[in-house]
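Here the structure comes first, spelled out in structure tokens, and everything after it is commentary.
Sequence positions, counted from 1, serve as the residue numbers for this chain. Note: hydrogens, waters and symmetry copies are ignored here, and every other heavy atom, side chains too, is used. The structure displayed is predicted, hence computed values, not measured ones.
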Amino acid sequence: MALNNILVIDIGGTHIKLQATTHKEPVIIPSGPKMTAKKMVAAVKKNTADWSIDAISIGYPGPVVHHRIISEPYNMGRGWVGFNFAKAFGCPVKIINDAAMQALADYQGKRMLFLGLGTGLGSAMIIDGVMEPMELAHLPYKNGKSYEDYVGLSGLRKLGKKKWRQEVTDIVKKFKAALQVDYVVVGGGNSRLLKKLPKGAQLGRNLDVFQGGYRLWKKNYKNEERGSI
């Protein structure tokens, strides 16, 4: 089957972003704690009613195994686990962790860690072309709080930009040393608030997350919960 037009859906706790092969201008849909899988599908269909879609890639903010969501999101509504997206959209669908999809877009070889600063904290590694989605956000950090509590949106609001930026810098350094990666890419909507990153870290190209979604359908990419690129 020729896939001439792929729709990429990047799901976040604040916004859902859409782009397709033949519609390069991103469409942004408000998200939030009441956004369910059913509501997301309805909103996407409404905004792409006149688009011709052959297949869909979905970047989901939570664990995904074999293109199946295995845990409900922390920052949105329920009903994501077990939802039949292919049936709802009427076309083939591949689902991957949202940070992993961004990581695919930003990967430049060798050992890379991706950290996504948004409503929460996304994370993924690619080691010599092999993808490994990760769940670092809710690991204990300090003062009984998780990493996401400090560098997610709630941390930004509580700490203020100056202290939040320092926490981001400290966490980037910790993860780079612990995971022994060659470089760290920091992306996500709130990465734009950063002024400086430590050595060995760089900003991601957030709108290029869609390239990761297109890449899922390339013949030379074999993705399950992990895969080679």
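- With sequence neighbours excluded, the residues satisfying side chain to side chain donor-acceptor pair (under 3.5 Å) with Tyr214 are Gln19.
- With a 4.5 Å cut-off on side-chain heavy atoms, Asp98 and Asp10 count as touching.
- For Ser31, the side chain to side chain donor-acceptor pair (under 3.5 Å) criterion is met by no residue, not counting sequence neighbours.
- Among residues two or more places apart in sequence or in another chain, the side chain to side chain donor-acceptor pair (under 3.5 Å) test is passed with Asn143 by Tyr150.
- Residues satisfying the salt bridge (Lys or Arg N to Asp or Glu O under 4.0 Å) criterion with Lys163, sequence neighbours excluded, are absent altogether.
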*Any chance you could lay out the side chain to side chain contact (heavy atoms under 4.5 Å, CB included) test for Val44 and Leu7, step after step, and finish with the verdict?*
CA-CA 10 Å; Val44 170; Leu7 171 65; 3.9 Å; yes
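- At distances below 3.5 Å, not a single donor-acceptor pair connects side-chain atoms of Gln102 with backbone N or O atoms of Gly212.
- In this view, Ala37 and Trp80, Phe83, Phe85 satisfy the side-chain contact (heavy atoms from CB on, under 4.5 Å) rule, not counting sequence neighbours.
- Residue pairs that meet the ring pair (Phe, Tyr, Trp, His ring centres under 6.0 Å) test with at least one member in residues 7-49, sequence neighbours left out, are His23-Trp51.
- Put simply, the side chain of Lys94 gets close to the backbone of Leu216: a donor and an acceptor are under 3.5 Å apart.
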*Check the pair Asn5, Ser52 against side chain to side chain donor-acceptor pair (under 3.5 Å), reporting the backbone distance first and the verdict last.*
CA-CA 7 Å; Asn5 198 15; Ser52 177; 5.3 Å; no
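- The side chain to side chain donor-acceptor pair (under 3.5 Å) check on Ser154 picks up nothing, with sequence neighbours excluded.
- In terms of modelled atom types and a separation under 3.5 Å, the side chain of Arg78 and the main chain of Met76 share a donor-acceptor contact.
- Qualifying ring-ring contact (aromatic ring centres under 6.0 Å, His included) partners for Tyr147, counting only residues two or more places apart in sequence or in other chains: Tyr141, Phe175.
- Residue Thr119 forms a side-chain hydrogen bond (donor to acceptor under 3.5 Å, both in side chains) with just one option from Asn75, Asn190, Thr14, and that option is Thr14.
- Each salt bridge (Lys or Arg N to Asp or Glu O under 4.0 Å) pair with one or both residues in residues 144-161, not counting sequence neighbours, would appear here, but there are none.
- Counting only residues at least two apart or in different chains, side chain to side chain donor-acceptor pair (under 3.5 Å) contacts with residues 33-49 are absent.
- Annotation: side-chain contact (heavy atoms from CB on, under 4.5 Å) contacts of Glu25 (sequence neighbours excluded): none.
- For residues 135-144, the pairs satisfying salt bridge (Lys or Arg N to Asp or Glu O under 4.0 Å) are Lys142-Glu167, with sequence neighbours left out.
- Side-chain atoms of Asp54 do not come within 3.5 Å of backbone N or O of Ile6 as any donor-acceptor pair.
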